[in-house]
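This report refers to the structure that appears directly beneath it.
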Protein chains: 2
Amino acid sequence: MADSKGGQAGVAARTTMIDVANAAGVSFKTVSRVLNGEAYVRESTRGKVLEAARSLDYQFNHAARSLRSGSAQIVSLLTGNQSRAYTQSVHLGALQQCQQAGVHVVVESAAADIEVNIEALERSLLETAPMGVVVTPPLCDNAEIIALLERHHFRYVLISPVAPGPGTPHVGMDDEAAAREMTALLIGLGHRQIGFIQGDPDDPASSLRRRGYLSALADAHIAAEDTLVVSGRFDWDSGLVAADRLLDLDDPPSAIFAANDDMAAAVIAAAYRRDMRVPGDLSVAGFGDTSVASVISPQLTTVYQPIVDMVSEAVRILTGVISGADVEVTQMTLPYRLVERGSTGKC
Amino acid sequence: MADSKGGQAGVAARTTMIDVANAAGVSFKTVSRVLNGEAYVRESTRGKVLEAARSLDYQFNHAARSLRSGSAQIVSLLTGNQSRAYTQSVHLGALQQCQQAGVHVVVESAAADIEVNIEALERSLLETAPMGVVVTPPLCDNAEIIALLERHHFRYVLISPVAPGPGTPHVGMDDEAAAREMTALLIGLGHRQIGFIQGDPDDPASSLRRRGYLSALADAHIAAEDTLVVSGRFDWDSGLVAADRLLDLDDPPSAIFAANDDMAAAVIAAAYRRDMRVPGDLSVAGFGDTSVASVISPQLTTVYQPIVDMVSEAVRILTGVISGADVEVTQMTLPYRLVERGSTGKC
DNA sequence: CTGAAAGCGCTTACAG
DNA sequence: CTGAAAGCGCTTACAG
């Protein structure tokens, strides 16, 4: 009775900018300004609006925005030449979060030969006018791409960059710590002669993992031997070649740690071809916990890498203009996890 | 000069329902009716509107609809317990198409024990009120689920059902023909003693593939032997057991065709454990062309199954109310493709 | 079977 | 730094 305005009793009407404006004592236009991160809003006003939005549990209406603004919000996904499993995970993470934010995903895949395509990329980005760009490995460590993004003032978040500049928004995991921990696990099993297969020697992620490997050896006072570190290119074939190099050594390793699962799978294949048993004669560890890890024999001991979540968080940073926090969090390190399966055993 | 109405020259204004209405000579409300598939529209009117929409290349504005109607459009994804790779592909296909249609995806995963969960599923579906439901294997052949969907008049599309009722909307591929062709490939390589590893014997998809296998044998006048068909459960472990059963036969097969890639990977593992070479001593073929197929040694000869596309098409059927066609296409068979890699060779 | 009016929740200019 | 007005393209009742 007290409230005789329209609206059905019991049905909570959606909270709109107008409600937030009333609660904050400003016009709804000001609410719009704050929520869109526009300049020229007094700091105290901004605080009141954010506080009101939070206490009313205000949900932004993306449909209304895109109807009025006449253009869909877009997040661009810059992907390089990773494995199929990796790329699928990246797409999934982006799509999941974007659909929730009412944002569209546009995939810009850059081939290996960046130099040739950088102009096409620039044109496409300018045309698409994304509200943000997610840059995945190995592109996230490409100075030319970062420079391009900076030049045009695109907002962006890097996934798993090795050397992000100070303040550069990024989401990743601690590759070095993960590799160190995995190496320590092997050492704990009694292995002293541990081989490491990296990706391209100058691949950023790969070098972090190698660093972790070396530091675990140092921690255990095991001398690192150059011959025990060989290079692949992250694919299965190169992993096979690398494994053979290690197993052909005069003093071959009793355990091999590969910088990704595909190469680790190849190590197991190489062992079988030599009638070596895994883990009886050779322990094998991978990195990534991709789907291959659980469908090879024996199943692979590896590091779970939260790719879907990393990309998801990156999109959240890009799309989440309304954050309660005073300082927006734009750098995150997500937890990894060691997954011990059948491919590793005591020495 | 002739057109002095507002709007910037050169910038094509978006085509709206009003434009379509003018072109068709009806009110825009009628256009809305037609495009939403409402009843009570004269057939001739419907035709005119559809024709006008097509010739003007009208694009429906989802933002406007959800703003006005106050609720997001939702497609539900009913997924059972398939492999991780399969599920990821399903999600990807749905998300890709839904984002384009401005529709949200809600995932309803049903555990193996349907009976227990059917009520929860019903409640959730009623609450979500999706505009359509995509049902993936093995749920797509569950009579109880179909009955539930029919009872509440949900629109739905089945993915790869084995025995869809007449007129039941579904998207799939010809599993039987694919299996027949793969078996014929093995026969063409000189194999006569060919083992087959199915999933659960009563799994619908599995039985189609077995049928294809048997019919290829018949085509080649090769007598089928019961001992050469063994059952797994689609996972790696069961594939290993099944492979051992086949290889332990007095007259073991020279080739083994597994009903999915995971089990085929296990066959290769089983062969290595016996010091058999693949394909030298044993040819192995899989089904699916999932990511594992290219990261095992040797790489797997298999059947490419377009899961992402199948789900994508299913969503398109569910969301695409405006179809130019007079009769809406709700049944599709997508092409498969044999992928010959290193795991098969001459006998 | 078809139509005229109102309004969903925002952003876009424009004005102070 | 802040606000009042108009309108994006549809759907919802309601009326014929």
Side-chain angles (χ1 to χ4, degrees), chain A residues 5-8 11-22 24-49 52-53 56-73 101-103 129 131 319 321-322, chain B residues 5-8 11-22 24-49 52-53 56-73 101-103 129 131 319 321-322:
Chain A
K5 286 208 294 194
Q8 306 163 344
V11 174
R14 181 177 188 125
T15 302
T16 73
M17 280 190 179
I18 295 181
D19 301 320
V20 176
N22 290 339
V26 298
S27 81
F28 71 91
K29 174 60 213 175
T30 298
V31 175
S32 170
R33 279 206 183 82
V34 172
L35 266 30
N36 284 294
E38 289 176 32
Y40 305 124
V41 178
R42 196 185 298 157
E43 199 47 50
S44 63
T45 308
R46 208 180 97 83
K48 276 190 297 184
V49 169
L56 292 176
D57 192 28
Y58 169 71
Q59 301 289 334
F60 189 88
N61 187 324
H62 293 274
R65 165 192 280 165
S66 53
L67 173 56
R68 177 60 246 227
S69 69
S71 66
Q73 304 287 308
V103 168
M131 64 189 296
T319 58
V321 197
I322 169 182
Chain B
K5 285 209 295 195
Q8 305 162 344
V11 174
R14 178 174 191 131
T15 302
T16 72
M17 281 191 177
I18 295 182
D19 301 320
V20 175
N22 291 339
V26 298
S27 81
F28 72 92
K29 174 58 212 175
T30 298
V31 175
S32 170
R33 279 206 183 81
V34 171
L35 265 32
N36 283 294
E38 288 176 33
Y40 304 124
V41 178
R42 197 185 296 158
E43 199 47 50
S44 63
T45 308
R46 208 180 98 83
K48 275 190 298 185
V49 169
L56 292 176
D57 192 28
Y58 169 70
Q59 302 288 336
F60 189 87
N61 187 324
H62 293 272
R65 165 191 281 166
S66 53
L67 173 56
R68 178 60 246 226
S69 69
S71 65
Q73 303 287 308
V103 168
M131 64 189 297
T319 58
V321 199
I322 170 182

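All values below were derived from every heavy atom in this structure, side-chain atoms included, with hydrogens, water molecules and symmetry-related copies excluded. Below, chains carry the letters A, B, ... as their sequence lines are ordered, and counting in each starts from 1. Since this is a predicted model, take the numbers as computed values, not measurements.
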Is there a side-chain polar atom (N or O) of [X] under 4.0 Å from OP1 or OP2 of [N]?
X: S27(A); N: dA4(D); value: no
X: T30(B); N: dC1(C); value: no
X: Y58(A); N: dG9(C); value: no
X: T16(A); N: dG9(C); value: no
X: R68(A); N: dG7(D); value: no
X: S32(A); N: dC10(C); value: no

How long is the span from the CG atom in L35(B) to the CE atom in M17(B), to the nearest 0.5 Å?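 One gets 5.0 Å once the value is rounded to the nearest 0.5 Å.
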Enter the distance from F28(B):CZ to D19(B):CG here, rounded to the nearest 0.5 Å. 12.0 Å
Ignoring hydrogens, what is the shortest heavy-atom contact between [X] and [Y]? Give both atom names and the distance.
X: V34(A); Y: R46(A); result: CG1-CG, 3.8 Å
X: L67(A); Y: A64(B); result: CD1-CB, 3.7 Å
X: V103(A); Y: M131(A); result: CG2-SD, 3.9 Å

Would you mind telling me which of [options] lies closest to the side-chain atoms of [X]?
X: R33(A); options: dT12(C), dA4(C), dT2(D); answer: dT2(D)
X: L67(B); options: dC10(D), dG3(C), dG9(C); answer: dG9(C)
X: K29(B); options: dG3(D), dT12(D), dC10(C); answer: dT12(D)

Please report, rounded to the nearest Å, how far the [atom2] atom of [N] is from the [atom1] atom of [X].
X: M17(A); N: dT12(C); atom1: CE; atom2: C1'; value: 13 Å
X: N22(B); N: dA4(C); atom1: CG; atom2: P; value: 11 Å
X: L35(B); N: dC10(D); atom1: CG; atom2: C1'; value: 11 Å
X: Q73(A); N: dT11(C); atom1: CD; atom2: P; value: 9 Å
X: R46(B); N: dT2(C); atom1: CZ; atom2: P; value: 12 Å
X: I18(B); N: dG3(C); atom1: CD1; atom2: P; value: 13 Å
X: H62(A); N: dT11(C); atom1: NE2; atom2: P; value: 10 Å

Which nucleotide, in any strand shown, forms a Watson-Crick or G-U wobble pair with dA15(D), with both distances under 3.5 Å?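 Its partner is dT2(C) (Watson-Crick or G-U wobble, both distances under 3.5 Å).
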Reading DNA chain C from 5' onward, which residue's closest nucleotide shows up sooner: R42(B) or F28(A)? R42(B)
Taking dA13(D) as the reference, what is the distance to dC1(C) when you measure between their P atoms (whole Å, please)?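 Taking atom P in both dC1(C) and dA13(D), they lie 23 Å apart.
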